[in-house]
Amino acid sequence: MNIEQYQSYYQHFADYRVDKLKLLQESGVEVYPERFSVTHTLQEAFHLEDGTTPVRLAGRVLSVRKMGKITFGHLQDLQGKLQFVLKKNTLVDQYDFFHKTVDIGDFLGVEGEMFTTNSGERSLQVESYTFLGKALREMPEKWHGLADQELRYRQRYLDLISNEESRRVFLMRSRMLSAIRRFLESRGFLEVETPILTNKASGALATPFLTHHKALDIDVYLRIAPETYLKRLIVGGFQHVFEVSRCFRNEGISPVHLQDFTMIEGYSAFFNYRDNMKMLREMILAILQELFKSTTISIGDKEIDFSQEWPVVSFRELILKDTGIDIDEYENGAALLQAIRDKGIRLEHESLESLGKGNLIDQLYKKVSRPFMISPVFLTCHPIDLSPLARRNDVNEQIVDRFQLVVNGAEIINAYSELVDPVDQRIRLESQAQLRTQGDAEAMPLDEEYLKSMEYGMPPISGWGMGIDRLLQVLLNLENIRDGVLFPLMRPIEEDQA
RNA sequence: GGGUCAUUAGCUCAGCUGGUAGAGCAGCUGACUCUUAAUCAGCCUGUCCGGGGUUCGAAUCCCUGAUGGCCCA
């Protein structure tokens with residue numbers, strides 16, 4: 001490939017960089033070589049003793065400071081950076097060639113000896129270097145980094161190159177997932193994968209994405225939750241099972257909502273929701289230890305010590321405390337709505353009158369209680385019509401054996417004792433199907449295949465789901481949930497603007 | 001979907017009541033063998049988001065569209 005044939009294409013690039021590219025090629029340098037072997041990462045090299053040699057390192061050129069016959073610069077990778085030093089009397093012609101051809105942003109391999117500069121910085125004295133890749137576009141500004149929120153989402157690689165904080169967030173995300181996997185595996189969980197393309201969007205109350213399967217000529221849905229498949233695995237004999245599950249919900253965008261997000265769900269045979277409360281508390285503490293080496297973190301302007309007891313409160317207690325309304329005193333949605341209005345509480349919802357009692361309680365809770373729940377709380381005793389797959393409470397048939405973990409106004413975990421009685425399940429799903437025909441797009445469809453599996457016999461089960469993106473957002477204080485997602489979906493920009 | 005704020009050089013940002021666009025970084029030239037936001041001297045950089053309008057004159061005012069942030073639904 002030569003530059004002349006792609007003249008118009010090369011116009012997208014910085015002229016001076018294209019000139020350097022030409023010079024490299026004319027000088028016979030392989031600009032995009034096949035490989036380079038390193039002896040250490042930049043971080044490892046930083047801790048080597050002075051005099052260690054040969055040390056071979058690679059990274060992106062972050063800065064270059066030429067002082068005449070000596071040049072200082074930094075190489076950077078995801079986890080660290082290291083200063084390198086070039087001397088003219090060591091490199092001779094290569095020294096001048098470096099300055100004629102290397103730009104900030106290029107990839108470079110260096111070989112030499114570790115030493116400490118007069119000002120005390122661990123550095124590599126370069127004896128030879130290898131060109132590892134030319135950057136034809138200019139890097140973001142070195143001091144402020146990339147500040148434009150839109151560009152940080154669209155071109156995450158630039159954000160990662162130029163913003164330390166962003167690198168930290170995504171390293172944390174990886175470590176969080178790894179800590180979760182280690183925790184669950186230590187508890188005997190097996191990791192599985194279940195379908196994303198499904199015939200029925202069940203397992204949660206949400207609007208699915210619809211697509212078409214050509215070969216079968218059927219419409220299929222992207223899963224909104226892996227729940228019903230994971231429970232089928234319990235029927236099949238798995239005892240503890242979990243999935244790191246990308247799920248898709250075709251709903252509004254907001255700083256706390258993604259349409260394509262990651263949820264981890266886990267199911268345990270013979271557990272009830274209380275067992276999961278205990279286990280998941282330990283899991284969250286394990287995550288905090290891994291990420292922060294501490295169980296106390298600051299959220300907003302508050303210090304929260306997660307090692308303290310996490311109170312368990314019911315919907316009824318919570319709402320009674322926050323509003324003075326006892327939800328058990330009202331027969332139906334209409335009566336409760338009147339009580340809410342009598343208290344002067346204004347709920348924002350398109351059609352409050354058509355909401356059932358359960359949904360109304362949910363709206364009320366989101367308005368008066370949830371935003372103020374900062375330190376961890378287990379919320380329990382959810383209304384039954386909000387939880388079509390959860391086990392009915394043995395004493396109070398209006399509620400289910402369920403809990404949510406709320407931290408900083410966000411539901412981090414949702415868990416319950418599973419409904420395993422196929423007869424009750426059929427009745428509950430039929431009432432959901434009824435809601436669907438009345439136009440509730442979020443109501444759950446009747447899933448015969450799932451019901452059939454249940455008819456073959458399910459043991460007691462408790463399952464849970466944890467939103468990974470939301471958890472990361474809460475723990476790291478991210479303003480927008482997309483700050484913790486590497487490549488959030490954006491509306492495409494016009495070709496000629498790129 | 002509604003409100004609101006934003007969009008100016010590759011990046012970070014100034015640009016007042018309308019008078020024809022500027023700084024830093026990056027880049028180029030030169031000086032410099034311990035710098036690290038290197039420094040010093042000089043130079044270069046524009047579809048002021050797009051389209052209309054008002055005006056002698058628009059980055060600036062008005063309308064409209066695009067994209068994004070935030071608030072609300």
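Lettering follows sequence order; numbering is per chain, from 1.
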Q | Nearest-angstrom distance, C1' atom, U55(B) to U47(B) | A | 22 Å
(Q) For U36(B), does the base pair up with any side-chain atom of Ser63(A) as donor and acceptor (N or O, under 3.5 Å, distance only)? (A) no
Q. Under 4.0 Å between a side-chain N/O of Arg137(A) and OP1 or OP2 of G10(B), yes or no?
A. no
Q: May I ask you to say whether Glu411(A) pairs ionically with Arg370(A), meaning some side-chain N is under 4.0 Å from a carboxylate O?
A: yes
**Q.** Spacing of the C1' atoms in G1(B) and U54(B) (rounded, Å)
**A.** 32 Å
Q) Can you find a side chain N or O atom of Lys69(A) that sits less than 4.0 Å from OP1 or OP2 on U35(B)? A) no
Q) Within less than 4.0 Å of OP1 or OP2 of U35(B), is there a side-chain N or O belonging to Asn118(A)? A) no
(Q) Using atom C1' in both nucleotides, what's the gap between G51(B) and U67(B) to the nearest angstrom? (A) 15 Å
Q. C1' atom, A37(B) versus A23(B): distance in rounded Å?
A. 16 Å
Q. Considering only C71(B), U36(B), U33(B), which nucleotide approaches the side chain of Arg65(A) most closely?
A. U36(B)
Q: Sticking with atom P, work out how far G15(B) lies from C28(B), rounded to a whole angstrom.
A: 31 Å
Q.
Output the rounded distance in Å from CG (Asp15(A)) to P (G46(B)).
A. 11 Å
(Q) Tell me whether Arg56(A) forms a cation-pi arrangement with Phe36(A), defined as NZ or CZ under 6.0 Å from the six-membered ring centre and within 45 degrees of its axis. (A) yes
(Q) By nearest atom, which of the nucleotides U33(B), U35(B), A37(B) is closest to the Asn89(A) side chain? (A) U33(B)
(Q) Taking Lys88(A) first and then Asp96(A), would you say they form a salt bridge - that is, a charged N and a carboxylate O separated by under 4.0 Å? (A) yes
(Q) To the nearest 0.5 Å, what is the distance between CG on Leu337(A) and OH on Tyr330(A)? (A) 11.5 Å
Q: State whether Asp385(A) and Arg428(A) are salt-bridged, where the test is any N-O pair (Lys NZ or Arg NE/NH1/NH2 against Asp/Glu carboxylate O) under 4.0 Å.
A: no
Q: Nearest whole angstrom, please: distance from the P of C44(B) to the CG of Asp19(A).
A: 18 Å
Q.
Strictly below 4.0 Å, N to O, side chains only: are Lys22(A) and Glu26(A) in salt-bridge contact?
A. no
Q) In whole angstrom, what separates Lys100(A)'s NZ from G27(B)'s P? A) 17 Å
Q) Going by modelled atom types, is there a donor-acceptor pair between the base of U33(B) and the side chain of Thr71(A) at under 3.5 Å? A) no
**Q.** P atoms of A6(B) and C61(B), separation to the nearest Å
**A.** 10 Å
Q: Have a look at Lys66(A) and say if it touches a base, only the backbone sugar-phosphate, or nothing, with a 4.0 Å heavy-atom cut-off.
A: base
Q) Among G68(B), C34(B), C70(B), which nucleotide sits nearest the side chain of Pro255(A)? A) C70(B)
**Q.** Which atom of Tyr153(A) lies closest to which atom of Asp483(A), heavy atoms considered
**A.** OH-OD1, 2.8 Å
Q: Using the C1' atoms only, state how far C5(B) lies from A9(B), rounded to an integer number of Å.
A: 24 Å
Q) Within this structure, what is the CD1-to-P distance between Ile104(A) and A37(B), rounded to whole angstrom? A) 13 Å
Q. Between G65(B) and G27(B), how far is it from one C1' atom to the other, in whole Å?
A. 36 Å
(Q) Checking Asp106(A) against Arg60(A) for the salt bridge (charged side-chain N to carboxylate O under 4.0 Å, His left out) test, could you report, in this order, the C-alpha distance in whole Å, the side-chain angles of both residues, the deciding distance, and whether it holds? (A) CA-CA 6 Å; Asp106(A) 293 351; Arg60(A) 192 184 278 277; over 6 Å; no
Q | hbond_proxy Glu150(A) side chain to U7(B) base (donor-acceptor, 3.5 Å cutoff) | A | no
Q: Could you tell me if the ring centre of Phe98(A) sits under 6.0 Å from that of Tyr95(A)?
A: no
Q: Represent RNA chain B in dot-bracket notation, 5' to 3'. Only Watson-Crick or G-U wobble pairs with both distances under 3.5 Å count; pseudoknot-style crossings use [ ] and interstrand partners use |.
A: (((((((..((((.....[..)))).(((((.......))))).....(((((..]....)))))))))))).
Q | Of Arg65(A), His99(A), Lys66(A), the residue whose pairing with Thr71(A) passes side chain to side chain donor-acceptor pair (under 3.5 Å) | A | His99(A)
Hey, what are the protein-to-nucleotides 11-15 of chain B N/O distances that come in under 3.5 Å?
unit_1 : atom_1 : unit_2    : atom_2 : d
C11(B) : O2'    : Glu141(A) : N      : 2.8
U12(B) : OP1    : Ala147(A) : N      : 3.1
U12(B) : OP1    : Asp148(A) : N      : 3.0
U12(B) : O2'    : His144(A) : ND1    : 3.4

Q.
Would you say the base of G27(B) stacks on Tyr16(A) (centre-to-centre below 5.5 Å, plane angle below 30°)?
A. no
(Q) Does Arg491(A) reach a base, just sugar-phosphate, or nothing at all? Heavy atoms under 4.0 Å. (A) sugar-phosphate
**Q.** Given RNA chain B, 5'-ward residue of the pair His99(A) and Gly252(A), judged by closest heavy atom
**A.** His99(A)
Q. Which word best sums up how the rings of Phe315(A) and His382(A) line up, parallel for under 30°, tilted for 30 to 60°, or perpendicular for over 60°?
A. perpendicular
Q. Gln149(A) CD to G68(B) C1': how many Å, rounded?
A. 9 Å
(Q) At 4.0 Å (heavy atoms only), tell me whether Lys20(A) reaches a base, stays on the sugar-phosphate, or touches nothing. (A) sugar-phosphate
Q: Take atom CD1 of Ile161(A) and atom P of A26(B), then tell me their distance rounded to the nearest Å.
A: 17 Å
Q: Kindly give the heavy-atom pair with the smallest separation between Gln259(A) and Gly252(A), and that separation in Å.
A: NE2-O, 3.1 Å
